[in-house]
Asks: 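Handing you a structure now.
No experiment lies behind these values; they were computed from the predicted model shown. Start at 1 and go down the list; that is how both ligands and their atoms are numbered.
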Amino acid sequence: MLKGKTIILGVSGSIAAYKAVDIARRLIRDGATVKVVMTSSATKFVTPLTFRTLTKQSVATELFTENSKSKICHISLSDEADIILVAPATANIINKTANGVADDLLSTTLLAADVPIIFAPAMNSKMYLSEATQKSLNRLKAFGFRVIEPTLGELACGEEGVGRLAEVDTIVEVIKFETAKEKDLKNRSVVVTAGGTREEIDPVRYISNRSSGKMGYAIANELTKRGAKTTLISAPTYLPTPQNVNFISVSNASDMQREMLQYFDKCDAVIMAAAVADFTPAEPVSKKIKRNKTGNFSLKLKSNPDIIKELGRIKKKQILIGFAAETEDLIENARKKIEEKNLDLIIANDVSKPEIGFEEDFNEVTILNKKGIVKKVPRMTKREIARIIVDKLVDVLD
Ligand SMILES: Cc1cc2nc3c(=O)[nH]c(=O)nc-3n(C[C@H](O)[C@H](O)[C@H](O)COP(=O)(O)O)c2cc1C
């Protein structure tokens, strides 16, 4: 099941380091190539020789070392990996990673990696429950890293509490799950829209909305990670362009519609995460509008094209996923929208709630299909929500 996968196993200086030997053995038995990176503290608990013998790979421990390959080790290590597992993860490596500290080979590799990273913490319960560690764990989750929660039980220090490394079985299952879905959208083509459209009033002014584009960009990132050929049609945002997507920058709803129609025929799915303005100035002008004597100004608006409704009308095999950003009667409005616009799934979010929705890194959504609610997703990062939305897309595509 892990055949062809390369897993970097980061081992840090916990008393549970010996369990990493078993984890490595199990991953190899399932077909993976395991490359071990050890912190200096980890080598005090288990020798690199143990891992080298078991994995038949050299074990990396030093940041400053001669490497015969052209790229430097801390960058090339993650290039070769499908996934990185840090098990056991000490409080130290967790707190360092959450703050972008890169002062040894493992922490530098983690900072340079663009593959999924999973932490399996193991530590004394006081260290685990400390404000710093808890904040760091939340931060790591917000970065999109996965944390395999430690369990309750007797700890190495003799105390009872939370902090025991999760069971080896659990860790191996998570790795299988995460790597299996890695490329589950290979050969699929998906178009995502993101951001809030800008409807021009004159050359310097426009009407827009509070959409930051974060949800759509997170979805595009998740799609490419999972092998989809991804086109991202984006209204203006302040976000970095995701890697490996066909990126199309647009300004207003008409541009977005035009670009969408170029790609729609050949794609397998569309996820419309953009906040497309419902209205646009009826008569945009080419010169800046000046103050007038009355001091008042009224703007006439006309309806914009309803892009998703149009796609729902013309779609053949394509899966169509929309968003319903509502401030009242969330589920009722989402149900109406899914029918009216002939969608396959709708992601409903209540944008009246503070700390979720527009501009925020977190969201809380309900996913519906034509039959009703598919999943209620509690407050979590947009990156995690993107993963769940893409999981649902895969279910519908299958
Ligand atoms: C016997 C012993 C056991 C330890 N066990 C743990 C542990 O389970 N979890 C942890 O976070 N730190 C543990 N520590 C402390 C770490 O080894 C220490 O914080 C170290 O700096 C971690 O470095 P690293 O994260 O670079 O591996 C232990 C220390 C000793 C001496």
Asks: Of the non-hydrogen atoms in Ala253 and Val276, which two are nearest, and what is the gap between them?
Replies: CB-CG1, 3.4 Å

Asks: Is it true that Glu222 and Tyr217 share a donor-acceptor pair across their side chains at a distance under 3.5 Å?
Replies: no

Asks: Quick check: does any side chain N or O of Ser14 sit under 3.5 Å from a backbone N or O of Met123, one acting as donor and the other as acceptor?
Replies: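 Not a single qualifying donor-acceptor pair exists.
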
Asks: Write down, by chain and number, every protein residue that brings a non-hydrogen atom to less than 4.0 Å from an atom of ligand 1.
Replies: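 Residue list for ligand 1: Ser12, Gly13, Ser14, Ile15, Thr39, Ser41, Phe45, Thr90, Ala91, Asn92, Ile93, Ala122, Met123, Met127.
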
Asks: So, Lys5 and Asp30, do they make that salt bridge, N to O below 4.0 Å?
Replies: no

Asks: Would you kindly say whether Thr381 and Glu384 are connected by a side-chain donor-acceptor distance under 3.5 Å?
Replies: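 Short answer, yes.
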
Asks: Testing the 3.5 Å rule here: is there a donor-acceptor pair between the side chains of Gln134 and Ser136?
Replies: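 On atom types as modelled, these side chains do not qualify, holding no pair under 3.5 Å.
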
